[in-house]
Amino acid sequence: MLRRLHTSLSLSLKKAFCLIALLSIASGCANRPSSPDAALNSFSGDRMLADIRKLSSDEFEGRGPGSKGEELTIQYLQDQFRSSGLEPGNPDGTYLQAVRLVGITADPLMTLSFGGHGRTLSPKFQTDFVAWTKRVVDTSAVDADMIFAGYGVQAPEFNWDDFKGVDVRGKVLVVLINDPPVPDPQNPGQLDPNTFGGKAMTYYGRWTYKFEKAAELGAAGCLIVHQTDRAGYPWEVVRDSWSAEQFDLESPDKNMKRLALEGWISQETAGKLFRTAGLDLAKLTASAATRDFRPAPMGLRAKITIHNKLRTIDSHNVVARLTGSDPKLKDSYVIYTAHWDHFGVGPEVNGDRIYHGAVDNASGCAALLEIARAYKQLKTPPRRSILFLSVTAEEQGLLGSRYYAEHPLYPLARTAVDINMDGMNVHGRTRDVVMIGMGNSTLDELVADAARGQGRTVKPDPEPEQGHFYRSDHFSFSKEGVPAFDPDTGIDFIGKPEGWGLEQRRKYTAENYHKPSDKIQSDWDMSGVVQDAQLDFLVGNNVANRDVMPEWKPGAEFKAKRDAALRSAGTGN
Ligand SMILES: [Zn+2]
């Protein structure tokens with residue numbers, strides 16, 4: 001089956017190559033890129049399955065950062081890169097980038113109180129609120145005035161400012177989750193497509209943004225009001241995600257620029273809180289969806305002391321390099337990322353305590369290794385250099401990729417694109433491919449060209465309101481301005497009835513996602529991994545051979561950051 005796939009594909013892929021060649025001639029490059037045929041034909045589902053089998057085996061203990069599983073994993077990845085002929089990716093001559101993580105466990109006996117207007121509320125930890133600090137300190141205490149700040153958003157490109165110059169330094173902000181839901185003036189039943197992406201979630205809607213903005217404005221703390229429909233998940237998810245040990249990167253200032261208090265309160269708790277303050281939460285919520293909103297002081301003080309247990313973990317990103325063939329362009333980079341970590345050994349489910357993470361993300365690592373091997377099959381390397389970066393601690397909040405983006409081994413202003421692989425399609429070939437973040441950058445056209453060469457179509461994210469673009473490692477790069485390709489599994493499977501693809505997704509999410517049972521299954525069909533890895537190869541190879549780097553389209557949320565970075569580095573297109 002795999003052999004047949006290769007023959008039938010190589011014909012259509014020749015078209016893709018012709019396109020690349022044409023583009024290069026049109027752009028007048030000196031050395032013509034070598035044909036990708038040998039590289040494309042080298043992709044092997046069996047070899048990738050063997051990688052997945054190794055990485056998801058009991059021996060690798062679920063690949064927890066800092067564990068014996070990490071040692072085995074990073075050794076395996078380095079061995080594979082070395083034996084495939086890839087150079088060490090760190091300029092220090094190694095395949096590793098050290099990433100120090102800090103584990104912070106807040107004492108669950110913490111008490112929080114809201115006092116004022118002659119009353120005191122004492123919400124219960126986990127039932128009514130969760131709270132923590134990312135400061136690396138034994139104790140964090142807050143006793144401060146509270147102020148409701150709407151959605152806590154400052155977005156000049158949408159002429160939006162929830163703060164209106166009000167000084168929130170030293171205060172505890174109370175904010176709503178998600179983007180401000182601004183109605184479309186033409187069609188008030190729908191969201192305005194020109195403000196905060198319409199029904200798609202922008203970064204302003206994510207909880208990480210709320211805490212970052214509050215810290216930037218000098219607030220002491222920030223509490224987010226949970227609403228199931230607007231957050232996209234029930235209170236239990238909030239409770240379980242923030243009640244145990246939390247990992248973060250440790251900055252030289254011990255994260256003292258972060259908030260002294262971060263947290264969520266349940267919607268019911270928020271109701272009581274606003275009633276105590278003599279404020280109408282429903283009215284304020286409605287007002288927060290308009291540009292006229294002004295922060296509302298609550299006349300209450302929030303009081304909490306958080307005691308932490310701390311530990312540090314030495315973890316690693318693994319990085320390999322293929323040096324480009326163009327004397328000028330070889331100092332710019334195409335990056336492929338796939339996180340190697342998973343949850344290690346954890347709570348037992350159905351008699352298994354090892355979180356194997358076969359799909360999430362042994363499969364992405366296998367694709368990364370196979371793409372690296374394929375690049376070595378090219379007669380001449382592409383013009384730009386290629387980095388193969390397997391990052392740690394994605395499951396703990398994209399930490400390894402954030403570390404790389406904040407401490408890049410090569411300048412981000414010369415990083416043309418990040419192509420991220422997180423969870424490959426193990427159910428066979430598709431007629432389509434989903435592109436998360438479609439419409440944001442000139443990568444749209446490159447991906448469409450490569451997909452067309454495979455006889456496939458590109459579809460946008462079927463769930464834009466879920467904010468998928470912000471949930472895997474490419475986002476760490478985009479946040480620093482680098483355009484990113486985040487491919488997702490197609491849903492239109494060849495030889496399967498309509499709806500079958502979505503049913504497989506639903507089954508995986510319900511039964512295996514982030515559970516010990518995410519293992520290799522007997523019904524896997526690796527031809528889909530081959531097809532998608534070939535697409536990722538084609539897109540990266542194309543970017544690496546073109547004169548110009550991909551660009552954000554006007555209005556894209558990370559365009560300003562990129563433009564500034566390119567300007568200051570003098571590396572604009
Ligand atoms: Zn995961």
Side-chain angles (χ1 to χ4, degrees), residues 65-66 98-114 123 125-126 128-147 149 152 154 163 167-175 177 203 206-226 238-265 301-315 392-407 476 479-480:
V99 180
R100 170 161 276 201
L101 306 175
V102 56
I104 307 173
T105 312
D107 182 353
L109 296 176
M110 68 176 91
T111 57
L112 168 68
S113 70
F114 303 127
F125 180 64
Q126 292 190 322
D128 302 323
F129 80 94
V130 287
W132 66 90
T133 182
K134 291 293 180 78
R135 293 183 174 182
V136 185
V137 290
D138 295 322
T139 304
S140 183
V142 170
D143 183 356
D145 286 333
M146 301 176 77
I147 185 164
Q154 281 182 325
F163 295 94
D167 184 0
V168 298
R169 275 177 298 176
K171 295 190 166 56
V172 170
L173 310 185
V174 178
V175 300
I177 190 63
Y203 187 56
R206 295 280 292 160
W207 53 266
T208 43
Y209 170 82
K210 315 283 181 188
F211 295 140
E212 286 164 9
K213 178 50 70 175
E216 182 194 315
L217 296 174
C222 179
L223 296 171
I224 300 174
V225 176
H226 174 259
V238 173
R239 182 193 66 196
D240 297 347
S241 306
W242 279 284
S243 294
E245 183 176 33
Q246 295 187 48
F247 294 90
D248 214 297
L249 300 175
E250 186 180 328
S251 66
D253 75 345
K254 303 247 173 224
N255 299 349
M256 292 308 282
K257 287 199 189 70
R258 309 281 286 273
L259 296 168
L261 163 69
E262 299 180 6
W264 292 75
I265 55 176
R301 280 182 87 76
K303 205 170 162 183
I304 190 168
T305 303
I306 300 167
H307 297 286
N308 288 325
K309 233 172 43 208
L310 304 169
R311 64 173 177 136
T312 51
I313 295 151
D314 289 311
S315 194
T392 181
E394 187 271 351
E395 306 286 13
Q396 312 298 338
L398 320 182
L399 298 180
S401 56
R402 199 178 101 206
Y403 187 83
Y404 182 92
E406 290 173 3
H407 306 85
S476 296
K479 201 169 172 227
E480 301 300 326

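Across all non-hydrogen atoms, the minimal contact from Phe211 to Trp132 is CE1-CZ2, 3.7 Å. Of all heavy-atom pairs between Ser315 and Pro65, the closest is OG-CB, 3.9 Å. Nearest heavy-atom pair across Lys171 and Ile147 is CD-CG2, 4.0 Å. Between Pro123 and Phe114, the shortest heavy-atom distance links the atoms CG-CE1, 3.7 Å. When all heavy atoms of Ser140 and Ala260 are compared, the pair lying nearest together is OG-O, 2.7 Å. Residues Ala144 and Val172 come closest through the heavy atom pair CB-CG2, 4.0 Å.
By the 4.5 Å heavy-atom criterion applied to side chains, His226 and Ile177 are not counted as neighbours. The shortest side-chain heavy-atom distance between Glu480 and Tyr404 does not fall under the 4.5 Å cut-off. Glu262 places none of its side-chain heavy atoms less than 4.5 Å from the side chain of Gln246. A 4.5 Å side-chain heavy-atom check between Leu399 and Phe247 finds at least one atom pair inside the cut-off. Using a 4.5 Å heavy-atom cutoff, the side chains of Val137 and Lys254 are not in contact. Residues Val175 and Lys213 fail the side-chain proximity criterion, which asks for heavy atoms closer than 4.5 Å.
For Arg311 (side chain) and Gly103 (main-chain N/O), no donor-acceptor pair under 3.5 Å exists by modelled atom type. Counting only distance, with no hydrogens or angles, the side chain of Asn255 and the backbone of Leu249 share a donor-acceptor pair below 3.5 Å.
Summarising the geometry, atom OG1 belonging to Thr208 is positioned 8.5 Å from atom CG belonging to Leu398; distances are rounded to the nearest 0.5 Å. Rounding to the nearest 0.5 Å gives a distance of 9.5 Å between CG of Leu173 and CE of Met146. Separating the NZ atom in Lys210 from the SG atom in Cys222 is a distance of 8.5 Å, to the nearest 0.5 Å. Here the straight-line distance linking atom OG1 of Thr312 with atom CG of Leu101 works out to 9.0 Å at 0.5 Å rounding. Atom CD1 of residue Ile265 and atom CG of residue Leu112 lie 8.5 Å apart, to the nearest 0.5 angstrom. Here the CE-OG1 distance, from Met256 to Thr133, works out to 7.5 Å after rounding to the nearest 0.5 Å.
The list of side-chain hydrogen bond (donor to acceptor under 3.5 Å, both in side chains) pairs with a residue in residues 98-114, not counting sequence neighbours, reads Arg100-Asp314.
The aromatic rings of Tyr403 and His407 sit parallel, their planes meeting at an angle under 30°, below the 60° perpendicular limit. Ring orientation note: the planes of Trp264 and Trp242 are tilted relative to one another, at an angle of 30° to 60°.
Glu250 pairs with exactly one of Ile104, Leu310, Val102, Ile313 by the side chain to side chain contact (heavy atoms under 4.5 Å, CB included) rule, that one being Val102.
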I would like to know whether Val238 and Trp207 meet side chain to side chain contact (heavy atoms under 4.5 Å, CB included); could you show each step before the answer?
CA-CA 11 Å; Val238 173; Trp207 53 266; over 6 Å; no
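When the side-chain hydrogen bond (donor to acceptor under 3.5 Å, both in side chains) test is applied to Asn308, no partner is found at least two apart in sequence or on another chain.
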